[in-house]
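What follows is a single structure, written as structure tokens, with notes after it.
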Protein chains: 2
Amino acid sequence: MMNFAVAIFCMKISLKSLKKKMPQEEKLYDLAELFKVFGDTTRVKIISALFEAELCVCDIAVLLGMSQSAISHQLRVLRQARLVKHRKEGKVVFYSLDDEHIKTIFNQGLEHILEPRGFEHAVF
Amino acid sequence: MMNFAVAIFCMKISLKSLKKKMPQEEKLYDLAELFKVFGDTTRVKIISALFEAELCVCDIAVLLGMSQSAISHQLRVLRQARLVKHRKEGKVVFYSLDDEHIKTIFNQGLEHILEPRGFEHAVF
DNA sequence: CTAACATGTGAATAATTGTTCATATGTACA
DNA sequence: TGTACATATGAACAATTATTCACATGTTAG
């Protein structure tokens, strides 16, 4: 009975210290917000296209076979998350990737999905 | 007039070759699905906790102050995306991170949000 | 100035996603 | 075998998010 109580006590302590080690709540929230931006097929396609070249809105729209409006809305999301930067040339706005983290995140993600599955994940 | 037509012709060609360079549509879809999994505060918190230690469902629930059911649902999502693996010990199920990509993705994401903002992003 | 074009954006709708509640499954132990 | 506990899951509801449509803004060329 005493051991049980002690165990509970210790668990509480260790969960508390674990919580301290974790990044602040706010940072984790921002991190989720960042990944949410990566978590949409249209935006992933845009990012993937910008890996290869700087592109204007209308080219991206043609490339993905989507409306200019839809692309523009998504580019705003990407801009706000600082995943892309833009450069205006006359009436045309060119977009490109903002920094190296994006490439790393994207490539690590690709590696993860291309990784062969272990037995514990097999469906049979 | 001719130059214009040639320019259009070239643009079509280059967009076409750009499309060829991009990963297959299906891979980009899977990639977005993967990032979607990272794109939720609860799941990010779970991942962050598992960075530090292997944990059982009830510990995670206590740690995050959420219901066992909510955590279990989210762990299933993480399992299906192969972000976590699990190990059963009696009636307790312990979860831990599955591979290194996850740590890299998580850390690159953190670096991105902690990065100081350039002028072009200033609000002013 | 006006017409034509590229892009941005608010509002509405459609689609997706997270949490809760109730309950099921499976294990341990008396 | 029955009770207690840990975890999983289906269905419903609530919340969030993407796309479309209509229109606004801003730029270039005539």
Side-chain angles (χ1 to χ4, degrees), chain A residues 1 3-4 7-8 11 15 28-30 32-47 50 54-81 83-96 120, chain B residues 1 3-4 7-8 11 15 28-30 32-47 50 54-81 83-96 120:
Chain A
M1 196 56 173
N3 280 344
F4 185 60
I8 293 221
M11 182 54 87
L15 282 184
L28 294 174
Y29 178 85
D30 291 346
E33 289 301 305
L34 173 65
F35 287 126
K36 231 172 254 183
V37 175
F38 280 95
D40 173 80
T41 310
T42 301
R43 288 191 295 264
V44 162
K45 285 181 187 170
I46 293 175
I47 292 170
L50 295 179
E54 185 187 50
L55 292 169
C56 67
V57 180
C58 65
D59 280 349
I60 299 173
V62 171
L63 187 66
L64 307 193
M66 294 180 66
S67 74
Q68 174 272 319
S69 176
I71 299 298
S72 182
H73 275 291
Q74 299 300 4
L75 282 170
R76 176 161 59 152
V77 176
L78 290 169
R79 242 187 294 131
Q80 284 172 340
L83 300 192
V84 300
K85 55 190 177 202
H86 60 289
R87 176 175 74 78
K88 203 165 180 178
E89 201 172 279
K91 48 186 170 181
V92 181
V93 179
F94 289 98
Y95 282 86
S96 56
E120 72 264 41
Chain B
M1 195 57 172
N3 281 341
F4 184 60
I8 293 222
M11 181 53 86
L15 282 185
L28 294 175
Y29 178 84
D30 291 346
E33 289 302 305
L34 173 66
F35 287 125
K36 232 171 254 181
V37 175
F38 280 95
D40 173 80
T41 310
T42 301
R43 289 191 295 263
V44 162
K45 284 181 188 170
I46 293 174
I47 293 170
L50 295 179
E54 185 188 49
L55 293 169
C56 66
V57 180
C58 64
D59 280 349
I60 299 173
V62 170
L63 187 67
L64 306 193
M66 295 180 65
S67 74
Q68 172 272 320
S69 176
I71 300 298
S72 183
H73 274 291
Q74 299 299 5
L75 282 169
R76 177 162 58 151
V77 176
L78 290 168
R79 242 188 294 132
Q80 284 172 340
L83 299 192
V84 300
K85 54 191 179 201
H86 60 290
R87 175 175 75 79
K88 203 164 181 180
E89 201 172 282
K91 49 186 170 181
V92 181
V93 179
F94 289 97
Y95 282 86
S96 56
E120 70 264 41

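Note that the coordinates shown come from a computational prediction; the quantities given were computed from them, not determined experimentally. Each chain gets a letter, A, B and so on, in the order the sequences are listed, and its residues count up from 1.
- Counting only heavy atoms from C-beta outward, the side chains of B:Arg87 and B:Glu54 approach each other to under 4.5 Å.
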Polar atom pairs (N or O), protein with nucleotides 9-12 of chain D, under 3.5 Å:
unit_1, atom_1, unit_2, atom_2, d
D:dT9, O4, B:Ser69, OG, 2.7
D:dG10, O6, B:His73, NE2, 2.8

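- In this pair, A:Phe38 and B:Phe35 present their aromatic rings tilted. The plane angle is within the 30 to 60° band.
- Counting heavy atoms from C-beta on, the side chains of A:Ile60 and A:Leu75 come closer than 4.5 Å.
- Rounded to an integer number of Å, the gap from OH of B:Tyr29 to C1' of C:dT16 is 11 Å.
- At C:dT17, one or more side-chain N or O atoms of B:Lys36 fall inside 4.0 Å of OP1 or OP2 (strictly under the cut-off).
- Comparing D:dT27, C:dT7, D:dA6 by their nearest atom to the side chain of A:Val57 picks out C:dT7.
- Considering only the side chain of B:Lys91, C:dA28 comes nearest among C:dA28, D:dT19, D:dG26.
- Of the possible polar contacts, none joining the A:Arg43 side chain to the B:Ala32 backbone as a donor-acceptor pair under 3.5 Å is found.
- Atom pair A:Phe94:CZ and C:dG8:P shows a separation of 12 Å (rounding to whole Å applied).
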May I have the step-by-step check of side chain to side chain contact (heavy atoms under 4.5 Å, CB included) for B:Leu34 and B:Leu83, ending in yes or no?
-> CA-CA 9 Å; B:Leu34 173 66; B:Leu83 299 192; 3.7 Å; yes
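- Here the shortest heavy-atom pairing between A:Ala70 and A:Ser67 reads N-OG, 3.0 Å.
- A:Tyr95 comes within 4.0 angstrom of sugar-phosphate atoms only, judged by non-hydrogen atoms across all strands, and of no base.
- Atom CD of A:Glu33 and atom C1' of C:dT17 are 14 Å apart (whole Å).
- If you measure from atom CG of A:Asp40 to atom P of C:dA15, you get 15 Å, rounded to the nearest angstrom.
- A straight line from NZ of B:Lys88 to C1' of C:dT27 spans 7 Å, rounded to a whole angstrom.
- In this structure, B:Leu75 places its CG atom 14 Å from C1' of C:dT19, rounding to the nearest Å.
- As a whole-Å value, the separation of B:His86 NE2 from D:dA8 P is 7 Å.
- Comparing C:dT20, D:dA8, D:dT20 by their closest approach to the side chain of B:Val93 singles out D:dA8.
- Remark: C1' of D:dT16 and CZ of B:Arg43 are 13 Å apart, rounded to the nearest angstrom.
- Taking the salt bridge (Lys or Arg N to Asp or Glu O under 4.0 Å) definition, one finds that B:Arg76 meets it with nothing, sequence neighbours left out.
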